[in-house]
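Chain identifiers are assigned alphabetically (A, B, ...) following the order of the sequence lines, protein sequences preceding nucleic acid strands; residue numbering begins at 1 within each chain.
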Amino acid sequence: MLTLSYLRQYKSEVIERLKIKHFSQLDLIDKVLELDEKRRQIQKQSDDIKAQQNQISKQIGQLFAQGKKQEAEQKKAESASLKNQIEDLIKTLDSIEQAIQDILVLIPNTPHSSVPQGKTAENNIIIKEGGKKPILFPNPLPHWELAKKLDIIDFELGAKVAGAGFPVYKGKGAKLERSLINFFLDKATAAGYQEVIPPIVVNKESGFGTGQLPDKDGQMYYIPLDELYLIPTAEVPITNLYRDTIIEERDLPIKNCGYTPCFRREAGSYGAHVRGLNRLHQFDKIEIVQITKPEDSYSALQEMCDYVESLLIALELPYRIVLLCGGDMSFASAKTYDFEVYSAAQDKWLEVSSVSNFETFQSNRLKLRYRSADKKNELAHTLNGSALGMARVVAALIENNQTEDAHIQIPACLQPYTGFEII
RNA sequence: GGAAAGAUGACCGAGUGGUUUAAGGUGCACGCCUGGAGAGCGUGUGUACGCCAAAAGCGUACCGCGGGUUCGAAUCCCGCUCUUUCCGCCA
């Protein structure tokens, strides 16, 4: 969330930027600033009275030490009356602070000045296309048909065990999945990201820290008995590793990567566009996360995009890079690039990565700061990206690399991992 | 799941109701000393919010978290969380 001091200082600029995000409740800004004004006024009052009370208590202690009981009793009465005033003020203060918090969590991040205008995905800007679309024979099979024919992914079996959207990978399909995980992790490690294996459930503090809570709790699986959420992305546990910490400037940037399964309820989505691996309740993903100084975060964003692009090139997949417009960006992001691969049999672009700079939006919630060279504590910037989301990569590999006799050619970079060249 | 012990600053560690304004030590920073280093000596050394044009300064809160008792709580009471050890169970 945005900080109050930032809102106070850059109010009109924030409002202009939020218009690019098509945020409709701009009146919340004035409301929260009014509450802030009131809060400061009441805090001053209550701090002053507390100071008086502390003085009196100290005097009482001294009076008792000197054996002046009578005077001490008098002071006690004086202090008691102050106590009532303080209680009232604190009650008001608490409710105002709560009201401020309730509003702040509703205000989305402001988009970076380079984010294009626009309301929906149609206004996104394709900034680059790369790779070559494959030239396939007539009537190529969509991945779910070819996968079934080769018996490498079983959707019905997964449906029996868990439900729709929980596929079972079998044989060479499972090996392909595992090979991709290892390939991506090795690449990320070579690019300077330290590997972590985080928990795949998180508590609500973590969900709040990265911005999934309170607004998107319906999209996460929840375990009520233990009050835990299944992670929708490794971004949540990995970024939260640094919640409530102050990092020395010399230790930045911090670069982490991690593989986890990801769980998404995705309520309300159905139909042809979610067939097969296109949209799942459980899928594997490698995530990259960076924590940087504010002045470095946009070069880090570029570096992460270049890295993700290098993976797509290595996999020889046709891809395009999309700069999201204001209206299509997520609540917490200041700037986001999506990476899509072309899946030939479906004739569809599938999103396989989303790389975002959150600036201080997450770090403010996380209380994630760094100590600058001149000993000041400032909010760090957080970024993350998929590198990559597995299922759709598998879908595209299956469809694009299929042969006329219904086999799948494994790209050269994966063969050392799979140990086979064809499925 | 059962039992016991514990949680204090960057770290170690003292502190069972009132000069605690959290002792002492370590570390760190700066200064003195030195040809240089070390030792020694001195000074400083958390976070958040607020007051102030700003700096300096001052105020408030914070000793795991949340309540309570009291004029006053690190200290007393209640609840919770986590850690360690032992027992049980177990991949």
Side-chain angles (χ1 to χ4, degrees), chain A residues 1-10 32-105 197-209 223-229 237 240-252 254 261 360 362-380:
Chain A
M1 66 194 167
L2 301 174
T3 64
L4 264 178
S5 59
Y6 185 81
L7 275 179
R8 223 184 284 157
Q9 205 175 343
Y10 302 105
V32 80
L33 288 177
E34 270 170 44
L35 285 167
D36 179 46
E37 187 74 23
K38 215 162 155 191
R39 179 195 116 249
R40 282 184 289 160
Q41 185 197 329
I42 291 177
Q43 188 186 327
K44 175 90 176 86
Q45 284 179 40
S46 110
D47 280 0
D48 286 349
I49 297 176
K50 277 184 192 166
Q52 276 184 54
Q53 201 193 26
N54 286 343
Q55 279 302 317
I56 293 173
S57 292
K58 214 174 273 181
Q59 288 167 14
I60 291 173
Q62 287 166 0
L63 290 171
F64 269 121
Q66 295 162 13
K68 298 178 182 169
K69 288 214 169 129
Q70 198 111 49
E71 286 177 56
E73 289 301 329
Q74 239 172 346
K75 289 282 183 189
K76 270 194 196 183
E78 200 179 320
S79 178
S81 76
L82 291 180
K83 198 182 176 184
N84 289 332
Q85 293 181 48
I86 292 174
E87 270 172 13
D88 285 351
L89 285 170
I90 288 193
K91 222 176 272 177
T92 314
L93 199 57
D94 283 349
S95 73
I96 291 176
E97 277 172 358
Q98 188 58 51
I100 288 174
Q101 186 69 9
D102 288 348
I103 293 178
L104 279 180
V105 299
I197 302 179
I200 62 170
V201 293
V202 292
N203 54 30
K204 59 179 184 303
E205 289 80 7
S206 298
F208 176 78
I223 306 163
L225 194 59
D226 300 293
E227 297 186 71
L228 293 169
Y229 296 85
N240 271 281
L241 296 176
Y242 301 93
R243 171 152 49 85
D244 251 318
T245 56
I246 301 174
I247 299 165
E248 293 298 333
E249 179 172 353
R250 62 174 176 272
D251 294 329
L252 294 175
I254 286 175
T360 60
Q362 290 182 330
S363 59
N364 184 35
R365 292 179 167 214
L366 292 160
K367 295 194 172 58
L368 164 48
R369 290 161 294 174
Y370 75 100
R371 198 191 317 276
S372 63
D374 54 345
K375 301 277 182 199
K376 286 225 173 80
N377 296 327
E378 292 180 55
L379 293 173

Using atom [atom1] in both nucleotides, what's the gap between [N] and [M] to the nearest angstrom?
N	M	atom1	answer
B/A23	B/G13	C1'	10 Å
B/C77	B/G17	C1'	13 Å
B/C62	B/G24	C1'	23 Å

Rounded to whole angstroms, how far apart are [atom1] on [X] and [atom2] on [N]?
X	N	atom1	atom2	value
A/Ile246	B/G46	CD1	C1'	8 Å
A/Arg8	B/G50	CZ	P	5 Å
A/Leu35	B/G50	CG	P	14 Å
A/Gln9	B/A53	CD	C1'	14 Å
A/Lys44	B/C51	NZ	P	8 Å
A/Asp48	B/C51	CG	P	11 Å
A/Glu97	B/A48	CD	P	16 Å
A/Ile96	B/C49	CD1	P	17 Å

Original post:
How many angstroms lie between CD1 in A/Ile90 and CD1 in A/Ile42, if you round to the nearest 0.5 Å?
Top reply: 11.5 Å
Subject >> Atom pair CD1 (A/Ile96) and CD (A/Gln101), whose distance is rounded to the nearest 0.5 Å >> reply: 14.0 Å
Taking only side-chain nitrogens and oxygens of [X], does any of them come within less than 4.0 Å of OP1 or OP2 of [N]?
X	N	value
A/Arg371	B/A10	no
A/Arg39	B/G50	yes
A/Asn377	B/U47	yes
A/Asn54	B/G59	no

Does any nucleotide pair with [N] by Watson-Crick or G-U wobble geometry, both distances under 3.5 Å, and what is it?
N	answer
B/U43	B/A29
B/C58	B/G50
B/G24	B/C12
B/A7	B/U81
B/G1	B/C87

Subject >> Charged N-O contact under 4.0 Å between A/Arg39 and A/Asp36 >> reply: yes
**OP:** Would you mind telling me which residue lines up with the more 5' stretch of RNA chain B, A/Arg40 or A/Gly61, judged by nearest nucleotide?
**Re:** A/Gly61
Subject >> Minimum-distance nucleotide to A/Lys50 side chain [options: B/C49, B/U70, B/U60] >> reply: B/U60
Subject >> A/Gln53 side-chain proximity, nearest of B/A48, B/G72, B/A61 >> reply: B/G72
Subject >> Distance-only side-chain donor-acceptor flag, A/Ser57 / A/Asn54, under 3.5 Å >> reply: no
Original post:
Does any non-hydrogen side-chain atom of A/Leu228 lie less than 4.5 Å from one of A/Val202?
Top reply: no
**OP:** Have a look at A/Ile60 and say if it touches a base, only the backbone sugar-phosphate, or nothing, with a 4.0 Å heavy-atom cut-off.
**Re:** base
Original post:
At under 4.0 Å between heavy atoms, what does A/Ser57 touch on the DNA or RNA strands: base, sugar-phosphate, or nothing?
Top reply: base
Original post:
Does a sphere of radius 6.0 Å around CD in A/Glu248 hold more than 12 heavy atoms from other residues, nucleotides or ligands, not counting ones at 6.0 Å or beyond?
Top reply: yes
